[in-house]
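Structure first, commentary second.
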Amino acid sequence: MMDITRKPKMGLLLIGANRFRPLGKGTADGTYEQRKEKEAEAIVASAKKIADVVFTGIVYDKDMLAAAMDAFYNEKVDFVFCAYLSWAEDFAWVRFLRDMYNIPLFFGCIMRESCEFSDTSDENEFVDFLSSGGIVGTLEASGSLARFNRKMVATGIGKLDTLMNQVSAFGQAAKVRSILRNSVFGLLACYNEAMWSTYVDPYNFFATVGPELRFLSIATLNDEINLLSEQEVQKTVEELTTKYSVMPDVGRDKFFASVRASMAVEKMLRKNDLDMIILNDIDRVLFEQVGLRPGFIPCSHKDAIVVPEGDIGAGLAVFVLKVLSGKHVSFIEPFYIDAKSGCFGAGHAGPNDYTDPSGSVKIARDVRFAKTSYKHAGAPFAWYKIPPGEKTMVHISENNGRYKLVCSLVDALECEHFLASYSHGVLKPRSPIDIFFGKLMEIGVTQHYGLVEGNYVKELEAFAKIMDFEYYHI
């Protein structure tokens, strides 16, 4: 598994005017080059607040540009932040646009707080005047940026700290792209035959989104279940019962079976070096061979990301939110609409991240399948209640070869455990409930979403643009 908690890695390209470098020698504020070095130090310091920075120095000629591009490639940066420090010759910039490999670029213009000139016949002030002309170089460079028509490009302007706030969202999105291109997802064991709308083309998924998709088997899951010792399972059960209350009708044998199956899924994740597993937990073979759907993931492997119902697009939404936020992400579907309150119930059965300490968990029977004839019918699961607060809700699915991303801000309300067999909560969108769901219907989605605490709309918009996804914000 990759380290998804790392900071974004930024390549920093600062372009200066070669012909201005020696100007200002002997003046109070030094040469143009010395002044630009001070500016660069401030830019690097600001950039390091949001990213790990790869910077080889201000670029004045093509050799310096080549060194910068080599460093960006060798250090595997997620994106490059580019800025003109004044007017400058544009040969380095045009070469960069032509020769730089395909990577997200943020082209920025850094504004000074103020510029006051009284007599530019004074050389010190004249050099300061030349140094303040970042907008001249930026506008010059913008034409070439448009002519090359590179993909994955964003632009922004502002004072340094303000601009870096814009760059931060872009950098986080670029980091997600890099991680996806190196990640491996496992499908256990098949697409969901009851929900064709969740199908994706695995070849296109790899080519356009990034993750390699591996197909896992229930037979392998059974092998892992049988390899687990009683002591290993006992230890995990004790950890769970120490943290969470157990409903009185939960049977010991079925509790152990559910924990054992959960641990086995996590072992498959580790052994196959996977970053997430998409589990078809309503697969008939799973029920016949295993006798339940695992109900306690994550348990022994706290970083395990597993989602239910074989939905790769919704799994992608959960994974993206996990990388962006580093927080606990829920897999949900809307259950019903309460028109009077303008709210909807939401959640999901099956594996879900229940480990958010601000949520509420009870160990309860899966009563939905309790009356079936499967071996462990009614086996318990972590019955999780979504904690209150602002949430970002995200849908991703494939649409005729292209992916769409829909995001919204909703508020989770305080509620009691009330919906048996489902991790759940009560959500209220920011728009009227009929308009909210009406727009989702118009866009064309599925029923599955990722849900995370906080507001990640800016990062998701940047991510969708970088990935060339259709983007909708409701």
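Just so it is clear, the structure is predicted and the values come from calculations on it, not from any experiment.
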Within the 4.5 Å heavy-atom criterion, are [X] and [Y] side-chain neighbours or not?
{"X": "Leu427", "Y": "Ile332", "answer": "yes"}
{"X": "Pro298", "Y": "Thr355", "answer": "yes"}
{"X": "Pro294", "Y": "Leu279", "answer": "yes"}
{"X": "Val329", "Y": "Ile305", "answer": "no"}
{"X": "His448", "Y": "His348", "answer": "yes"}
{"X": "Ser178", "Y": "Lys76", "answer": "no"}
{"X": "Phe205", "Y": "Pro211", "answer": "yes"}
{"X": "Val323", "Y": "Arg6", "answer": "no"}

Around atom [atom1] of [X], are there more than 12 heavy atoms from other residues, nucleotides or ligands closer than 6.0 Å?
{"X": "Lys340", "atom1": "NZ", "value": "no"}
{"X": "Phe215", "atom1": "CZ", "value": "yes"}
{"X": "Tyr203", "atom1": "OH", "value": "no"}

(Q) Nearest 0.5 Å, please: how far is CZ in Phe319 from OG in Ser183? (A) 5.0 Å
Q | CG-CG distance between Asp311 and Leu316, expressed to the nearest 0.5 angstrom | A | 10.0 Å
**Q.** ring-ring contact (aromatic ring centres under 6.0 Å, His included), paired with His395, selected from Tyr449, Phe469, Phe331, Tyr471
**A.**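 Of the listed residues Tyr449, Phe469, Phe331, Tyr471, the ring-ring contact (aromatic ring centres under 6.0 Å, His included) partner of His395 is Tyr449.
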(Q) Applying the ring-ring contact (aromatic ring centres under 6.0 Å, His included) criterion to Phe170, which one of Phe107, Phe463, Phe106 satisfies it? (A) Phe106
Backbone of [Y] reached by a side-chain donor or acceptor of [X] within 3.5 Å:
{"X": "Asn192", "Y": "Ala194", "value": "yes"}
{"X": "Ser168", "Y": "Asn165", "value": "no"}
{"X": "Asn204", "Y": "Gly401", "value": "yes"}
{"X": "Thr392", "Y": "Gly454", "value": "yes"}
{"X": "Lys404", "Y": "Ile443", "value": "yes"}
{"X": "Ser423", "Y": "Asn352", "value": "no"}
{"X": "Lys391", "Y": "Leu409", "value": "no"}
{"X": "Trp383", "Y": "Arg365", "value": "no"}

Q.
Show, in sequence, the C-alpha distance, side-chain angles and deciding distance for Leu274 and Phe185, and conclude whether the side-chain contact (heavy atoms from CB on, under 4.5 Å) test is met.
A. CA-CA 6 Å; Leu274 303 176; Phe185 290 2; over 6 Å; no
Residue pairs, two or more places apart or on separate chains, that pass salt bridge (charged side-chain N to carboxylate O under 4.0 Å, His left out) and touch [range]:
{"range": "residues 459-469", "result": "Arg402-Asp468"}
{"range": "residues 196-216", "result": "Glu212-Arg214"}
{"range": "residues 321-339", "result": "none"}
{"range": "residues 407-420", "result": "Lys385-Glu414, Asp411-Arg430"}

Q: Tell me whether the centres of the aromatic rings in Tyr101 and Tyr73 are closer together than 6.0 Å.
A: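 Yes, ring centres under 6.0 Å apart.
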Q. Run the side-chain contact (heavy atoms from CB on, under 4.5 Å) check on Leu413 and Cys343 step by step: do they pass?
A. CA-CA 9 Å; Leu413 307 183; Cys343 299; 3.5 Å; yes
(Q) Salt bridge or not between Lys175 and Asp78? Use side-chain N to carboxylate O under 4.0 Å. (A)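 The answer is no: the pair does not qualify as a salt bridge.
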Among all residues two or more places apart in sequence or in another chain, which pass the salt bridge (Lys or Arg N to Asp or Glu O under 4.0 Å) test with [X]?
{"X": "Arg181", "result": "none"}
{"X": "Asp281", "result": "Arg293"}
{"X": "Lys428", "result": "none"}

Using atom types as modelled, flag every donor-acceptor pair under 3.5 Å from a side chain in residues 255-272 to any protein atom, sequence neighbours excluded.
from   : atom 1 : to     : atom 2 : distance (Å)
Ser258 : OG     : Gly295 : N      : 3.2
Ser258 : OG     : Pro380 : O      : 2.9
Arg260 : NH1    : Ile225 : O      : 3.4
Arg260 : NH1    : Leu228 : O      : 2.7
Arg260 : NH2    : Glu230 : OE1    : 3.1
Ser262 : OG     : Ser258 : O      : 2.8
Ser262 : OG     : Gly295 : N      : 3.3
Ser262 : OG     : Phe296 : N      : 2.9
Glu266 : OE1    : Ser300 : N      : 3.0
Glu266 : OE1    : Ser300 : OG     : 2.6
Glu266 : OE1    : His301 : N      : 2.8
Glu266 : OE2    : Cys299 : N      : 2.6
Lys271 : NZ     : Glu224 : OE1    : 3.3
Lys271 : NZ     : Glu224 : OE2    : 2.9
Asn272 : ND2    : Met268 : O      : 2.8

Q. Who are the ring-ring contact (aromatic ring centres under 6.0 Å, His included) partners of Phe335, not counting sequence neighbours?
A.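 Result, ring-ring contact (aromatic ring centres under 6.0 Å, His included) vs Phe335: Tyr422.
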Q | Counterpart residues, ring-ring contact (aromatic ring centres under 6.0 Å, His included), relative to Phe418 (two or more places apart) | A | His424
Q | Where Ala174 and Ile466 come nearest, the two heavy atoms and their spacing | A |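 Distance-wise, the nearest heavy atoms are N-CD1, 3.8 Å.
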Q: Measure across Ala412 and Pro387 and return the closest heavy-atom pair with its distance rounded to 0.1 Å.
A: CB-O, 3.3 Å
(Q) For a quick check under 3.5 Å, do Glu309 and Asn280 share a side-chain donor-acceptor pair by atom type? (A) no
Q: State whether a side-chain donor-acceptor pair under 3.5 Å links Glu470 with Tyr472.
A: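 Result is yes, a qualifying pair exists.
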**Q.** Intermediate values then yes/no, side-chain contact (heavy atoms from CB on, under 4.5 Å), Leu405 and Cys407
**A.** CA-CA 7 Å; Leu405 186 155; Cys407 69; 4.2 Å; yes
Exercise answer: donor-acceptor pairs, residues 40-55 side-chain atoms, under 3.5 Å, sequence neighbours excluded:
from  : atom 1 : to     : atom 2 : distance (Å)
Ser46 : OG     : Asp161 : OD1    : 3.3

Q. Among Gln231, Glu232, Glu238, whose side chain to side chain donor-acceptor pair (under 3.5 Å) with Gln234 holds?
A.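 One option only clears the test, and that one is Glu238.
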Q) Considering residues at least two apart in sequence or located in another chain, which fulfil the side chain to side chain donor-acceptor pair (under 3.5 Å) criterion with Ser373? A) none
(Q) side-chain contact (heavy atoms from CB on, under 4.5 Å) for Phe79 and Lys9? Distances and angles first, verdict last. (A) CA-CA 7 Å; Phe79 73 107; Lys9 184 175 283 190; over 6 Å; no
